[in-house]
Amino acid sequence: MSAQLHITPRVTIPDFLVGEVQSKLAYVDESIVRAHVASTGDRITLDLREQAEDPKRSELEEKVQRVVTSMVQGAFKPKVQILENYLDRPVPSSADPNPELLARGEMFQEAAGIFTVGPLVTRLISFFERQFIALADSFGAAPYRFPTLIPAKSLERVGYFRAFPHSLSFVTHLREDLDAIDNFAQHAACDEHGLNTPVDSFAKIQALLSPAVCYHLYFALADKPLPGGKLAATAVGNCFRYESVNLASLERLWNFTMREVIFVGPKDFVLQNRETGRERMRGFFEEIGLAYRVESANDPFFIGEFKKQAAFQSAFQLKFEIRAALPFKQSTLAVGSYNYHQDFFGRSLNITLPDGSPAHTGCIAFGLERMAFAFLSQYGLDAANWPDAARKFVA
Ligand code: ATP
Ligand code: ZN
Ligand code: MG
């Protein structure tokens, strides 16, 4: 039996934090299956797996109050800077693409956040990829292939555990122990919640699933002078972010793919290329008739780090998101971002420029599934209605 819990937050959640708080509530307690914050910010509704009685109920409420207070108290409304606004570009579709994607076998859910896509979506993604690679080529970016696993040690060096602990995905293996392996082989079995295993089966965690692409380049460049003093690179890779009950169709996946164009070098080199990249993409988005806008944003830091880090990113204009319109839900979805990390990775990983100072880094990142999803939300699944370039590519 499911149940609801209504909470009045001790501090009202300002409108610019409603979405941010709502997405973090998913991580407050395992009993929460959905969290909703009223747009007025004065009411929180939690859908629970089962009816909660005291003391569980008050514990839950206390945890929620803690999250709200930590994220809201002393937070400043960021000045949202809009660099491009083409949200009113006319598009032919306002239908939810999900039912048709499922019906046509173009999308298949293996489990929450784990999806297979079919030939039409795959071809559409190749079409976008061709464009992203052309963008990379326009900078003479060197191609790389990065692993899907990322060492725990490396993530620790760049402070990832403190900033984004909630979305980490861990990798382990059985201990190299005959008894442990035999025991696992005989007893491992799934129930509806997951895999049950004998205690003490697993080795200590050495690796995780990679949450981003560009980190791997910085690790490869760590602890030495940057050859030539500047570098443009590109790669596509699997990325993993555990987004709990927020996982939803192709919009928010546990396992998704990202194409990045990455810049490492002096500050001006990185900032100028980020800007040039944005200008070049503007032309492409016009060609495919995408309704979107580009606006300042912040990374999804976890509760304790959120206020400070988000304010910092916003003050220094470190992140701009390409937010495409989703007409069927009158909202927008980040399909990519233009990022500048200052010398954070250069300092943390000791990547040095010829003058001995730490290198600056930045990246242009595109979420491939989201790109396709946003496009299909605006143009539908019938390629006859698509802009020329896309239609010809999939024909
Ligand atoms: P959001 O604000 O929607 O959570 P983000 O700000 O965390 O996204 P970035 O870290 O900038 O996203 O990642 C670059 C791109 O990767 C995003 O613009 C998006 O297209 C894609 N992306 C990020 N998280 C996911 C996800 N869980 N599922 C699918 N695509 C994602
Ligand atoms: Zn990046
Ligand atoms: Mg974001």
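One-based numbering, in listed order, for ligands and for the atoms of each.
The closest side-chain heavy-atom distance from Leu290 to Tyr379 is not below 4.5 Å.
At a 4.0 Å heavy-atom cut-off, ligand 1 touches Arg252 through backbone and side chain alike. Of all the heavy atoms of Val335, the ones lying under 4.0 Å from any atom of ligand 1 belong exclusively to the backbone. Of the heavy atoms in Glu369, none comes closer than 4.0 Å to ligand 1.
Each of Arg293, Arg282, Glu286 was scored for a side chain to side chain donor-acceptor pair (under 3.5 Å) with Tyr86, with one residue passing: Arg282.
Closest heavy-atom approach to atom 14 (C) of ligand 1 within the set Gly113, Cys363, Ser337: this belongs to Ser337. Nearest residue to atom 18 (O) of ligand 1 from Gly336, Cys239, Gly367, Ala297 is Gly336 (criterion: closest heavy atom). Comparing heavy-atom distances from atom 29 (C) of ligand 1 across Trp254, Phe240, Phe256 singles out Phe256 as nearest.
No donor-acceptor pair under 3.5 Å is formed between the side chain of His360 and the backbone N or O of Val264.
Polar contact with ligand 1: absent for Arg323 (N/O pair, distance under 3.5 Å). Where the criterion is an N or O separation shorter than 3.5 Å, residue side chain and backbone included, Ala334 meets it with respect to ligand 1.
Using a 4.0 Å cutoff on heavy atoms, Met371 does not count as a contact of ligand 1.
Side-chain contact check for Asn246 and Ser244: no donor-acceptor pair (N or O, by modelled atom type) lies under 3.5 Å.
In this structure, Arg370 is not positioned above the aromatic face of Phe373 in the sense of NZ or CZ being under 6.0 Å from the six-membered ring centre and within 45° of the axis.
Between Glu243 and Arg252, at least one side-chain N (NZ, or NE/NH1/NH2) sits under 4.0 Å from a carboxylate O, which counts as a salt bridge.
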